[in-house]
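Quantities reported herein were computed from a predicted structural model and do not represent experimental measurements. Quick note on labels: first sequence line is chain A, next is B, and so on, each numbered from 1.
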2 protein chains.
Amino acid sequence: MKLSGTASVILGMLRIKPMSGYEIKQAVDESTAFFWAASYGQIYPELRRLERAGLVQGEPAPRGARRRNLYTLTAEGHEVLEAWLGEPPAPPELRFEGLLKLFFLRADEREVAQRHLHTMKDQNVAALERLREIEPRARALPDGSQLLVLRAGITALEATEQWLEHAEDRLTKPPPQRKPR
Amino acid sequence: MKLSGTASVILGMLRIKPMSGYEIKQAVDESTAFFWAASYGQIYPELRRLERAGLVQGEPAPRGARRRNLYTLTAEGHEVLEAWLGEPPAPPELRFEGLLKLFFLRADEREVAQRHLHTMKDQNVAALERLREIEPRARALPDGSQLLVLRAGITALEATEQWLEHAEDRLTKPPPQRKPR
DNA sequence: GGTCACATGTAAAGTGTTACATGATTCC
DNA sequence: GGAATCATGTAACACTTTACATGTGACC
């Protein structure tokens, strides 16, 4: 039983507690989104596939007249999830357009590079703020591993921040002409 | 003119100098792969699309009896690439299965988590070694921005390394029972 | 009455990986 | 002769994003 990326987040989330598709999306957005995102377009179809495969079980749990399906892990779902959790993780993958542009920009396009660095800084600050906002909530959890993972994100973003500082210096000041006074 | 991710790496590489599909792949593997990868399955079809669109021009340049197509940026290709280089970069995306597993593992599955941390460490060390191996070559380049980007990768991996160390401590030693001596 | 959050879904298009297939050349 | 590297490509599949469509409930 091979799990798609989306399938594993879904099962993982459902092991914490039964949820609807909508709630899974919310949970992903405020926890794993930084290193593992998922959209509605993946979640809803995948939930159906998982139900057909017998790994989750859905049942209607409307709130008022608003329909809603609550999904629960089946015994088989637990097994499959735990098997997946036990397998060695694939190496991380990154897609970082800012670095790509910087890589291609030449010395005579320095201004463009500076603009991009600025954008990257904003994005980095925004991401850091989001994570730090979550931190107190994660700190309150009993398990600790969520907090650990959050710290990974914060560490990486802080390192990026430092690098951005360094990069800006490099691009602002033209390389010193080696003229010690 | 909207460029796919693969299209932009290809054009970017061809701006450095004309190359064959095979050479583009090699160049990607030893420079941008860390933050922007591409496979043959993308490169070859994309080169044809780009040629049909008039952004690159291919011509046969066999080496002996071994066939080979050299692609060059057209004037329009230059324009399109430069337009793309000027647009603000999209925020980075990460897919990190190791963190996902750690996130889902509970306190009673600590051994599995430790195994995964070990795997992640190996992967991290391997990646760092690859980058450090490239560094001297990048240092020799005239432009400097390649070296800058490489430093970004090294910085991020070093930060990850530190975090891995920290995470291992946390998982090995059970949380201190607050008993100051 | 309008906007926002709740809630579920589909369709199409685009992106990407993997495995396969083919053949030449170089090096041991 | 065999393995590794050079070189190009296709086909099948898996994965993802985006836009659209629909309707309820809460709050101002």
Side-chain angles (χ1 to χ4, degrees), chain A residues 1-10 13 18-30 32-33 35-53 56 58-71 84 90-97 100, chain B residues 1-11 13 18-30 32-33 35-53 56 58-71 84 90-95 97 100:
Chain A
M1 178 94 259
K2 180 97 189 320
L3 289 183
S4 73
T6 306
S8 33
V9 216
I10 291 177
M13 287 298 176
M19 297 187 208
S20 67
Y22 189 81
E23 288 165 328
I24 291 172
K25 166 70 169 150
Q26 281 182 133
V28 165
D29 280 347
E30 71 160 68
T32 69
F35 53 90
W36 202 280
S39 65
Y40 288 124
Q42 293 167 261
I43 291 172
Y44 286 116
E46 189 65 41
L47 275 170
R48 306 196 131 207
R49 267 192 294 274
L50 289 171
E51 184 164 30
R52 272 206 313 280
V56 305
E59 58 169 335
R63 300 238 239 231
R66 209 188 260 163
R67 95 191 151 108
R68 177 161 163 276
N69 292 306
L70 250 200
Y71 290 89
W84 176 81
E93 269 164 58
L94 182 62
R95 231 131 224 254
F96 202 148
E97 206 185 77
L100 189 64
Chain B
M1 177 95 259
K2 180 101 190 315
L3 290 183
S4 73
T6 305
S8 33
V9 215
I10 290 178
L11 296 185
M13 288 297 176
M19 298 187 206
S20 66
Y22 190 80
E23 288 165 327
I24 291 171
K25 165 72 167 150
Q26 280 181 132
V28 165
D29 280 347
E30 69 161 69
T32 70
F35 53 89
W36 204 281
S39 66
Y40 288 123
Q42 295 167 258
I43 291 172
Y44 285 116
E46 190 64 41
L47 274 171
R48 305 196 132 206
R49 268 192 294 274
L50 289 171
E51 185 165 28
R52 273 206 313 279
V56 305
E59 59 168 334
R63 300 238 239 232
R66 209 189 259 161
R67 90 190 218 270
R68 176 162 165 276
N69 291 307
L70 250 199
Y71 290 89
W84 176 81
E93 269 162 58
L94 182 62
R95 265 204 157 207
E97 204 183 80
L100 189 64

Taken to the nearest whole Å, CZ/A:R95 to C1'/D:dC15 is 13 Å

Rounded to whole Å, the CD-P distance (B:E59 to D:dA7) equals 15 Å

To the nearest angstrom, the OH-P distance between B:Y44 and D:dT10 comes to 11 Å

Q: With heavy atoms under 4.0 Å as the rule, sort A:G41 into base, sugar-phosphate or nothing.
A: base

- Query: Contact class for B:R66 vs. all strands (heavy atom < 4.0 Å): base, sugar-phosphate, or nothing?
  - Reply: base

In whole angstroms, the gap separating C1' of D:dT5 from NZ of B:K25 amounts to 14 Å

Here the distance between atom P of D:dT16 and atom CD of B:Q42, to the nearest Å, is 14 Å

Here the distance between atom P of D:dT8 and atom CD1 of B:I10, to the nearest Å, is 12 Å

- Task: Looking at every strand, decide which applies to B:Q26 at a 4.0 Å heavy-atom threshold: base, sugar-phosphate, or nothing.
- Result: sugar-phosphate

#### Entry: A:E51 bridged to A:R48 by N-O distance under 4.0 Å
no

Determine whether B:E23 and B:L70 satisfy the following criterion, side-chain contact (heavy atoms from CB on, under 4.5 Å), listing intermediate values before the conclusion.
CA-CA 9 Å; B:E23 288 165 327; B:L70 250 199; 4.0 Å; yes

Bounded by its outermost nucleotides with an atom under 4.0 Å from a heavy atom of chain B, the footprint on DNA chain C reads C:dT15 to C:dT25

Here the distance between atom P of D:dC15 and atom CD of B:E97, to the nearest Å, is 12 Å

Separation of D:dA7 atom C1' from B:M19 atom CE, nearest Å, is 16 Å

